[in-house]
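Below you'll find the structure, written out as structure tokens, and then a few comments.
Keep in mind that this is a model prediction, so the values were computed, not measured. Naming: A, B, ... by sequence-line order, numbering from 1 per chain. Atom set for the values below is all heavy atoms of this structure, side chains included, hydrogens, waters and symmetry mates excluded.
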There are 2 protein chains.
Amino acid sequence: MASPAGGARGGVSVAQRRGGSPLDDDVSFLLARANALSLAAGNAALADYGLRVRSYSVLALAVGDARPSQRELAEFLRLDPSQVVALVDELQRRGLVRREADPADRRANVVVATTEGEACFAEARLAVRAAERELHAELSDDDHARLSELLQRLAFPS
Amino acid sequence: MASPAGGARGGVSVAQRRGGSPLDDDVSFLLARANALSLAAGNAALADYGLRVRSYSVLALAVGDARPSQRELAEFLRLDPSQVVALVDELQRRGLVRREADPADRRANVVVATTEGEACFAEARLAVRAAERELHAELSDDDHARLSELLQRLAFPS
DNA sequence: CCACATAATTGACATTCTCAATGGAATCGG
DNA sequence: CCGATTCCATTGAGAATGTCAATTATGTGG
């Protein structure tokens with residue numbers, strides 16, 4: 001696959017001869033491509049646990065003491081509230097999270113992981129971390145930290 | 001909208017109290033969120049030109065002398081070949097690109113921008129760049145260059 | 001109490017992702 | 001040259017995701 005048939009140019013790929021392509025240093029494009037790779041790897045790693053990146057993210061936030069409402073989950077994960085309904089429905093159906101009425105606001109549901117959900121997440125997390133390490137093998141620890149810091153500023157503009 | 005009612009905790013958002021959340025320093029998650037923001041801004045900026053980030057990317061690669069085949073476009077943009085068919089169909093219908101038979105491989109179509117396509121891209125590009133600058137206002141030029149370099153390594157692993 | 005904003009939910013619809021199958025063309029091994 | 005295999009573009013189907021409007025119950029401010 002590294003050397004396609006596509007003869008005329010002697011197997012030189014677009015990526016290699018993208019000299020004047022306007023997408024070259026386009027952060028948006030690089031973001032999209034890196035995200036696509038990351039998403040694919042993540043979903044593959046999570047398949048064994050019956051999770052996808054989406055449901056894993058919800059579960060991750062339900063673990064711990066943040067006790068997010070569905071609206072907060074939607075905002076944090078950049079999802080439409082209606083998508084959160086479906087994700088929580090599914091996780092709840094599987095017994096991994098439960099909805100608790102927010103005592104301070106009876107409109108809101110707080111999403112909390114069950115004991116089983118915490119256990120599932122702990123396992124899944126290992127798989128995700130391993131996949132991520134492999135995907136980021138090119139980056140040193142320093143690079144990784146720098147990237148994380150820069151992305152944080154992009155992902156959570158003040 | 002910036003200050004939700006969400007009462008009990010005094011307007012403290014999940015993002016602010018995500019102390020122990022396992023997604024905190026998760027590059028994959030940050031990548032997804034930053035990409036979602038970037039995608040939304042890009043599509044908004046391109047709406048005036050009847051383009052979306054997807055079609056804009058294809059057009060960008062069709063401009064210039066790379067002369068990519070559809071398969072190469074798919075690989076570069078991380079799309080399924082069947083998606084490229086639809087994207088090129090649409091751009092071709094609007095007269096922005098054309099398919100040319102690759103003289104070296106009669107199976108392959110090379111996608112090239114028309115004069116009109118080049119003009120449309122030139123305008124659209126300005127809008128995209130402006131939106132991107134605004135979105136990345138938090139980053140200095142150095143930060144931007146560093147981020148670009150790091151993402152390049154993630155997006156195009158060797 | 002009233003007018004208005006908000007949280008979760010439902011439903012509809014468009015876009016995107018992923019996969020399998022097909023026809024025409026190239027490549028490789030004999 | 002021939003057959004087997006691989007590859008490109010295309011079609012079609014089904015799942016996942018994104019976006020939007022409307023509804024119900026609840027909170028907030030006047």
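Under the 6.0 Å cut-off for aromatic ring centres, A:Tyr49 and A:Phe121 do not qualify, their centroids lying 6.0 Å or more apart. Proximity of the aromatic rings of A:Phe29 and B:Tyr56 is defined here by a centroid distance below 6.0 angstrom, and this criterion is not met.
Applying the side-chain hydrogen bond (donor to acceptor under 3.5 Å, both in side chains) rule to pairs touching residues 90-99 of chain A yields A:Gln70-A:Arg99, A:Asp89-A:Arg99, A:Glu90-A:Arg93, A:Gln92-A:Arg99, A:Arg98-A:Glu100, sequence neighbours excluded.
The two atoms that bring A:Leu135 and B:Leu154 nearest to each other are O-CD2, 4.0 Å, heavy atoms only.
With hydrophobic clusters built from ILVMFWY side chains whose heavy atoms lie under 4.5 angstrom apart, B:Leu37 does not share a cluster with A:Leu30.
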Reading nucleotides 9-14 of chain D from the 5' end, what letters show protein touch, with B for base, S for backbone sugar-phosphate only, - for no heavy atom under 4.0 Å?
SBBB--

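Side chains of B:Asp80 and B:Ser82: a donor-acceptor N/O pair is present below 3.5 angstrom, by distance only.
With rounding to whole Å, A:Arg78 atom CZ is found 11 Å from D:dG18 atom C1'. A:Glu100 places its CD atom 16 Å from the C1' atom of C:dA8, with the value rounded to the nearest Å. Taking atom CZ of residue A:Arg106 and atom P of nucleotide D:dT24, one finds them 18 Å apart after rounding to whole Å. Straight-line distance from the CD atom of A:Glu75 to the P atom of C:dA8: 11 Å, rounded to whole Å. Atom CG of B:Leu39 is separated from atom P of D:dG18 by 9 Å (rounded to the nearest Å). The CG-C1' distance, from A:Asp105 to D:dA25, rounds to 11 Å in whole Å. In this structure, B:Asp102 atom CG and D:dC8 atom P are separated by 11 Å, rounded to whole Å. Taking atom CG of B:Leu79 as the reference point, atom P of C:dC17 lies 6 Å away to the nearest angstrom.
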After noting the C-alpha distance and the side-chain angles of B:Arg153 and A:Asp143, does the key distance pass the salt bridge (charged side-chain N to carboxylate O under 4.0 Å, His left out) rule?
CA-CA 10 Å; B:Arg153 304 229 298 275; A:Asp143 287 339; 2.5 Å; yes

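Applying the 6.0 Å contact sphere to CG of A:Asp48 captures more than 12 heavy atoms from other residues, nucleotides or ligands.
Among A:Leu91, A:Val85, A:Val84, the single residue meeting the side-chain contact (heavy atoms from CB on, under 4.5 Å) criterion with A:Val88 is A:Val84.
Contacts between residues 42-58 of chain B and DNA chain C, defined by a heavy-atom separation below 4.0 Å, involve B:Arg52, B:Arg54, listed by number.
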